[in-house]
Amino acid sequence: MSDEIKRATNIQNGTPTNFIRQIIDEDLKSGKYNGRVHTRFPPEPNGYLHIGHAKSICLNFGLAESYPGGKCNLRFDDTNPVKEEEEFVESIKEDIRWLGFDSEDRLYFASDYFEQMYEYAVQLIKTGKAYVDDLTAEQIREYRGTLTEPGKESPYRNRNVDENLDLFRRMRAGEFPDGAKVLRAKIDMSHPNLNMRDPVMYRILHASHHRAGDTWCIYPMYDWAHGLEDSIEGITHSICTLEFEDHRPLYDWFLDQLGVYHPQQIEFARLNLNYTVMSKRKLLRLVRENYVSGWDDPRMPTISGLRRRGYSPQAIREFAERIGVAKSNSVVDIALLEHCLREDLNKRAQRVMAVLDPLKIVITNYPEDTVEEMEAVNNPEDESTGTRTIPFSRELYIERNDFREEAPRKWFRLAPGKEVRLKHGYYITCNEVIRNDKNEIIELRCTYDPGSRGGWTEDGRKVKGTLHWVSAAHAVKAEVRLYENLFFAENPESAPDGGDFTANINPDSLKILKDCRVEPGLKNAKAGEYYQFLRQGYFVADAKDHSTDHPVFNRTVGLRDSWAKIEKKLK
RNA sequence: UGGGGCGUAGCCAAGUGGUAAGGCACCGGGUUUUGGUUCCGGCAUUCGUAGGUUCGAAUCCUGCCGCCCCAGCCA
């Protein structure tokens, strides 16, 4: 088989295939849903979305986009009023929009179906498939049995239909306190799958719902509600994560008993990333216990955190594409996410010069009161972005770590007697090192070659080192925040001596530099704009703290650094 | 010791009886006014393991091993 044909077997329209696409393709072929493809993304509004949710969003919306006539609903699965809030609804909507997806006119809420769900429950009671149980939560747990032993039937299991109907109506009417009664499905207390041992369908909760207010005091459980939501909306493929595999028999059972439209549930493995925690519970702890500044802290794996860090939606979507969709539990290397980020930002980020740790240099043979406007390319990857000018003068700042008094092997940055290129500037040679009384280097005296204007000569001279710089008199002061992984352990969950994941928090995950100098044009930077600080990395003007008076830039990700590797090897 | 899943390179992941795609990471080298980008090359005689079927097995069968999930009135 030729490579081309081989590729064609698992790539369609440039989209890699996966087992879910194969199922859909087969369903399309057999006409199972009359050619429809209709998915949904069903978040519970009880927290902020994270990169794992992004995988699911990209999958569900992406599937819909890639099939003719495909649709994807956004549906809030708001069946538990005690955990859910309007704030989360809004943040989730914003994150999905930011990722570039649109549910159009299909924004739904499970709470809008409560009346219909109630009717369906009545129907199940009438056919003897559901009953009101008076057992306490604790008793229900005891009666359920264990993984290896069957459960036993509740003494209330055989109430007659009329009594069940009456009790259920009175549950809804608010006649009983929280926990006094539940509605249960009558299935099989000795079923090997615990989910089938008479699962609870409704519980009493005298709680105000963020949308339904106080209309209800009974709320449906996930297993009962979710299939109905899918059915009502005409979903074809209901995609969820692996832990719901055990729930599928129940999903099917409810729909079959009711005899209603029956979507199919398909499970895939959720995303895990190394050096990251992903559970809502743990993320909540990071916020509550102030390990981070909030849900949108740039070190958080939340969509809002990544956005503030400077990630682009395109990078996240590309990442979601590349990790694939399968059923095996896996941990993706965060290096892949960073690769997708750099790949996208390389094409789009404007190049600028910024000195994070300034070291002054004086060009002794450059005229004192002259300022030259040097032309600089905005983005070598995209000519249409044009050029800008930056001022060059006698006194400049360069990066302190671009100078070594004793140059190691393969060092081609600045050192005494060495010539380097100032990007878009001139060639300079270092002649003298000035120190203060503490023996710290405070200044370098250099000379420049007037014939190297623009950073280039015609004599074919080889100058390998190129440094970034800013003009001391013209540069803008800025704060720069250097971010690294929040955890230093590849698997934050595995802490030594029974410690929890917080023991693996990286104390150096944020380093704040307050005395940086950036090129003058950056005083016009707008919050959220992507930049590449030449030779250093991608940075973004902080969405919350950046202002013209006080510029603040977050390091999104560093550039690949092959010098760091060489230096490591030299040691 | 019940039920449901999953084992292909350091990390993801294709592969569906015809002789191991691709990406990340890593390692060499070329180009380069970013030690960036880019380009070229390398990187699984073998698919958890042991048997069996077959002309032929990662793909089919059997046994074994390992890992994950399930005992919320959470989702």
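Order of the sequence lines fixes the chain letters, A, B, ..., with proteins taken first and strands second; residue numbering starts at 1 for each chain.
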| In terms of the nearest nucleotide of RNA chain B, which residue is placed more toward the 5' end: A/Lys423 or A/Leu337? |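 Checking each residue's closest nucleotide, the 5'-ward one belongs to A/Leu337.
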Identify whether any heavy atom of [X] sits under 4.0 Å from a base atom; if not, whether one sits that close to sugar-phosphate; answer base, sugar-phosphate or nothing.
X        : value
A/Trp224 : nothing
A/Val82  : nothing
A/Gln532 : base
A/Lys569 : sugar-phosphate
A/Val325 : sugar-phosphate

For [N], the Watson-Crick or wobble partner whose two distances fall under 3.5 Å:
N      : answer
B/rU38 : B/rG30
B/rA13 : none
B/rG56 : none
B/rG2  : B/rC70
B/rU49 : B/rG63

Please tell me if [X] has a side-chain N or O lying less than 4.0 Å from either OP1 or OP2 of [N].
X        : N      : result
A/Arg560 : B/rG35 : no
A/Arg351 : B/rG36 : no
A/His468 : B/rU34 : no
A/Lys327 : B/rG4  : no
A/Ser328 : B/rA13 : yes

Taking atom [atom1] in both [N] and [M], compute the distance separating them and give it to the nearest angstrom.
N      : M      : atom1 : result
B/rG56 : B/rU38 : P     : 46 Å
B/rC43 : B/rA21 : C1'   : 15 Å
B/rG48 : B/rU8  : P     : 6 Å
B/rC24 : B/rU37 : P     : 11 Å
B/rG4  : B/rC40 : C1'   : 48 Å
B/rG30 : B/rG35 : C1'   : 15 Å
B/rG36 : B/rU31 : C1'   : 13 Å
B/rG15 : B/rU46 : C1'   : 14 Å

Measure the distance from [atom1] on [X] to [atom2] on [N] and round it to the nearest whole Å.
X        : N      : atom1 : atom2 : answer
A/Phe412 : B/rU32 : CZ    : P     : 13 Å
A/Leu341 : B/rA25 : CG    : P     : 13 Å
A/Lys55  : B/rA13 : NZ    : C1'   : 11 Å
A/Asn18  : B/rG22 : CG    : C1'   : 15 Å
A/Lys410 : B/rG29 : NZ    : C1'   : 12 Å
A/Leu422 : B/rU34 : CG    : P     : 13 Å
A/Leu534 : B/rU32 : CG    : P     : 18 Å
A/Gln265 : B/rG5  : CD    : C1'   : 13 Å

| request: Tell me, please, whether A/Tyr427 has A/Arg461 positioned over its six-membered ring: NZ or CZ under 6.0 Å from the ring centre and within 45 degrees of its axis? | output: no
| query | Is there a donor N/O on one and an acceptor N/O on the other, under 3.5 Å, for the side chain of A/Arg413 and the base of B/rG35? | reply | yes
| task | Classify the side chain of A/Glu381 and the base of B/rU38 as holding, or not holding, a donor-acceptor pair under 3.5 Å. | result |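 In this structure, the two groups form no donor-acceptor pair.
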| Do A/Ile92 and A/Phe76 touch side chain to side chain, with heavy atoms closer than 4.5 Å? | yes
| query | Does any non-hydrogen side-chain atom of A/Asp230 lie less than 4.5 Å from one of A/His226? | reply | yes
Tell me whether [X] is salt-bridged to [Y], with the criterion being a basic N under 4.0 Å from an acidic carboxylate O.
X        : Y        : result
A/Glu519 : A/Arg388 : yes
A/Glu399 : A/Arg535 : no
A/Glu567 : A/Arg404 : yes
A/Lys282 : A/Glu493 : yes
A/Arg75  : A/Glu229 : yes

| With respect to the side chain of A/Asn346, which nucleotide from B/rG35, B/rU1, B/rU37 is positioned closest? |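 The answer is B/rU37, which lies nearest to the side chain.
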| message | Given 3.5 Å as the limit, does a donor-acceptor pair link the side chain of A/Gln536 with the main chain of A/Ala354, or not? | response | yes
| note | Which of A/Tyr222, A/Phe176, A/Tyr219, A/Phe168 passes ring-ring contact (aromatic ring centres under 6.0 Å, His included) with A/Tyr202? It is A/Phe168
| note | Heavy-atom contacts, protein to nucleotides 70-75 of chain B, under 4.0 Å, summarised as B (base), S (sugar-phosphate only) or - (none) per nt, yield BBSBSB
| said: Please classify the glycosidic conformation of B/rG72 as syn (within 90° of 0) or anti (everything else). | reply: syn
